[in-house]
Amino acid sequence: MNHILEAQQFDRPYLEKLFKSAEKLGKKPKPLLTGKILATLFYEPSTRTRLSFESAMHRLDGGVIATENANEVSSAVKGETIEDTAKIVSQYADVIVLRHFEKGAAARAAEASDVPIINAGDGAGQHPTQALLDTYTLQKEAGGIDGKTVALVGDLKNGRAARSFVYLLGKFEPKELVFVSPPELAMGEDIREYLTRHGIPFRDSESFEEAHAADAIYQTRIQKERFASPEEYERFKGKYILTSEYAASMKDKGIIMHPLPRVDEIDVAVDTSPHAVYFKQAKYGVHVRMALLADLLGR
Ligand code: CP
């Protein structure tokens, strides 16, 4: 069974095939999943991931059953384990998209499920399908990944989207990755070891000025929900704000990405900048998720 649990499970030929399929399905969706059912099971808030998966399934002519706010309205409230819930929902659906507040929850659900589990974010762990659409966006909007410099900015310790994105970048040959964050929110050792093992150059900086010469800036929010106290969050909030002036200092073809949601780290005036691709990035999420669902469930 093909569970989607972590970004490093993909290889480059698979990604290239998936992106070709996303390109085709994005232009013209096909009724490839008639009669199949997708279940979304979300224990944490979401706008993009849940709705884009549901949109992707509808566009492929499949059906959707959904539990948002699962931590409030599912039988988890009565004490049911994630393993039991996954086992049960897998009797009702052909694939389960799961978001959970605990790192490792998707892997636990996969042990019990009779259908593929797609990890839609597990605490500060990973968000592999976000990484797929981020990598697709980078390839499409920056004209490729090999030889490019990508600067990741913000809360790199707790940002599961950034973590998964870096794992996928390690499948390509970027020139360099620049991690811009306060030392307390630096990228984890697991990712550094992975990049070293794969020969991908990377460096750290606390200065936002280190990002503007990159081919792509991957801006992220400070992950308020992962801090022990509001005071600790306030120490880092507003540390890196991307303004129009900053965007104007980027190289001509440099792009600004963001997994969203945004809080204050990209000024809304940047939205009309030719460098800003983050709304397109969200749209590509439907295309990539169509391709992934078609691959997992298609005949
Ligand atoms: N990028 C992302 O995961 O957004 P949501 O939290 O809205 O799903």
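Note: hydrogens, waters and symmetry copies are ignored here, and every other heavy atom, side chains too, is used. Counting convention: from 1, in listed order, for ligands and their atoms alike.
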- Query: Among Val270, Val268, Val263, which one satisfies side-chain contact (heavy atoms from CB on, under 4.5 Å) with Ile266?
  - Reply: Val270
- Query: Using 4.0 Å as the upper bound for N to carboxylate O, is an ion pair formed by Glu83 and Arg108?
  - Reply: yes
- Query: What atoms in ligand 1 come closer than 4.0 Å to a heavy atom of Pro259?
  - Reply: 1 (N)
- Task: Answer yes or no: are there more than 12 heavy-atom neighbours, outside Glu16 itself, under 6.0 Å from its atom CD?
- Result: yes
- Considering His127, Arg50, Arg48, which one's heavy-atom position lies nearest to atom 3 (O) of ligand 1? His127
- Under 30°, 30 to 60°, or over 60°: which ring-plane class applies to Tyr136 and Tyr284, parallel, tilted or perpendicular? perpendicular
- Task: Mark up the atoms of ligand 1 that fall under 4.0 Å of a heavy atom belonging to Gln130, in ascending order.
- Result: 1 (N), 2 (C), 3 (O)
- Query: Any heavy atom of Arg99 sitting closer than 4.0 Å to ligand 1?
  - Reply: yes
- Message: Any carboxylate oxygen within less than 4.0 angstrom of a Lys/Arg side-chain nitrogen, looking at Asp215 and Lys251?
- Response: yes
- Identity and distance of the protein heavy atom lying nearest atom 7 (O) of ligand 1: Thr47 N, 2.7 Å
- Query: Going by distance only, is there an N or O of Leu260 that falls short of 3.5 Å from an N or O of ligand 1?
  - Reply: yes
